[in-house]
There are 2 protein chains.
Amino acid sequence: MKPRNGHISDSCRPISEVLSLIGNKWTSLIITRLTEGPMRFNVLKRNVHGISQKVLTASLRALERDGFVERIEHPTVPPSVEYRLTPFGRELGEPLLALTRFALVNGARMEAARAAYDETHDIPAPGAEPRRKPIPLRLN
Amino acid sequence: MKPRNGHISDSCRPISEVLSLIGNKWTSLIITRLTEGPMRFNVLKRNVHGISQKVLTASLRALERDGFVERIEHPTVPPSVEYRLTPFGRELGEPLLALTRFALVNGARMEAARAAYDETHDIPAPGAEPRRKPIPLRLN
DNA sequence: CGGTTTCATAAAGGTGCCTTCTTGTGCTGT
DNA sequence: ACAGCACAAGAAGGCACCTTTATGAAACCG
């Protein structure tokens, strides 16, 4: 679950790390679920619809490694593993919530913008919008 | 630049769209730069270190399509194209900033957590941590 | 004995993002 | 005539991520 940050400069490496983390298809969904309280593996799996077992395991491991999630393995049998947000994880949940709220509120606006764009830039026309006649003006 | 959201339920589709958007390797870096003011294509390219021309073009198009960025083509020669955040884009920049601030403040904490994790879960040892002896207890 | 439960891991395959390299446009300055 | 500039778009290839399917451990139950 390493972010693809090959060329990112050192100063903003943590930024792009967090950004790819929450940009992952599933990570923020997991965090959001765990915001509601601790959960066992299979409960989480049922609540995060469509996630594969392998990816859920890997995502949780990554979150645990970064200190956002705590893994509590009850030595029963069959095994029972509980996952919960750490205080650090709850801190991350806060700006994440701000973003999801934005998405929820503005989803329609985004869709409208897309529709408008697709209409003006007639969608898959190969002869795309010939350039307006340039006026000869050297800039700079 | 379509997000990979195959199995996401309708209710949270805009959420995962926004999330993949800002989780893209470059998108939020671009937005952050544009927060500082309008910029021409090549200036942007120089400021977002390491981005390839192709991806910068594609990212800007996606942002324009979603209504976050405005593209202003001055009909000079050689062409001069200016990109700027729309008001909608500036709105998005706000929760994004909250997240980057979090990353900046807590980057060290994350790194420390990782180091601690790697030390306890001896890193790439194949014989990984044998399970504690389970106590026979049927749960529920 | 054989099937079930809970969690973890592995192999195989697909898909999309990203990178480098290359080509194109239309007027510029030399 | 020719190279250069500012921007765009294409092909080829790599790699990360994700999905499905299958396997394993270890004790339980019928």
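Quick note: numbers below take in every heavy atom, side chains included, and nothing from hydrogens, waters or symmetry partners. So you know, we letter chains A, B, ... as the sequences are listed, proteins then strands, and number each from 1.
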Exercise for the section: Show the numbers, then the answer: is there a side-chain contact (heavy atoms from CB on, under 4.5 Å) between B:R114 and A:E17? Expected result: CA-CA 13 Å; B:R114 272 199 290 263; A:E17 276 175 4; 3.0 Å; yes

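- Here C:dC17 presents its P atom at 13 Å from CG of A:N24, a figure rounded to the nearest Å.
- Residue pairs that meet the salt bridge (Lys or Arg N to Asp or Glu O under 4.0 Å) test with at least one member in residues 83-95 of chain A, sequence neighbours left out, are A:E91-B:R109.
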Practice task
Apply side-chain contact (heavy atoms from CB on, under 4.5 Å) to the pair A:I22 and A:T27, showing each step before the final yes or no.
Solution key: CA-CA 6 Å; A:I22 72 101; A:T27 313; 5.9 Å; no

Between the protein and nucleotides 10-13 of chain D, which nitrogen or oxygen pairs are less than 3.5 angstrom apart?
from   : atom 1 : to    : atom 2 : distance (Å)
D:dG10 : N7     : B:K54 : NZ     : 3.1

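- The NZ-P distance, from A:K45 to D:dT20, rounds to 9 Å in whole Å.
- Residues forming a salt bridge (Lys or Arg N to Asp or Glu O under 4.0 Å) with A:R101 (at least two apart in sequence, or on another chain): none.
- Atoms CZ (B:R46) and P (D:dA6) sit 8 Å apart, rounded to a whole Å.
- Spacing between atom CD of A:Q53 and atom P of D:dT20 amounts to 12 Å, rounded to whole angstrom units.
- Atom CZ of B:R61 and atom C1' of D:dC7 are 10 Å apart (whole Å).
- Dashed line: the shortest gap from a side-chain N or O of A:R40 to OP1 or OP2 of C:dT6 is not under 4.0 Å.
- Not counting sequence neighbours, B:R46 has no partner by the salt bridge (Lys or Arg N to Asp or Glu O under 4.0 Å) test.
- Counting any heavy atom pair closer than 4.0 Å across all strands shown, B:T57 reaches sugar-phosphate atoms only and no base atom.
- Nearest nucleotide to the B:S52 side chain, out of C:dT5, C:dT19, D:dA6: C:dT19.
- In this structure, the ring-ring contact (aromatic ring centres under 6.0 Å, His included) partners of A:F88, at least two apart in sequence or on a different chain, are A:F68, B:F102.
- At C:dT19, one or more side-chain N or O atoms of B:K25 fall inside 4.0 Å of OP1 or OP2 (strictly under the cut-off).
- Every residue two or more places apart in sequence or in another chain was checked for a salt bridge (Lys or Arg N to Asp or Glu O under 4.0 Å) with B:E111, and none qualifies.
- Comparing C:dT19, C:dT5, D:dA27 by their closest approach to the side chain of B:W26 singles out C:dT19.
- Checking C:dT19, C:dC7, C:dG26 against every side-chain atom of B:V55, the shortest atom distance belongs to C:dT19.
- When the side-chain nitrogen and oxygen atoms of A:N42 are compared with OP1 and OP2 of C:dC7, one or more of them lie within a distance under 4.0 Å.
- Between A:I72 atom CD1 and C:dC7 atom P the separation is 13 Å, expressed in whole Å.
- D:dC7 atom C1' lies 9 Å from atom CD of B:E73, rounded to whole Å.
- Atom CG of B:L56 is separated from atom P of C:dT20 by 14 Å (rounded to the nearest Å).
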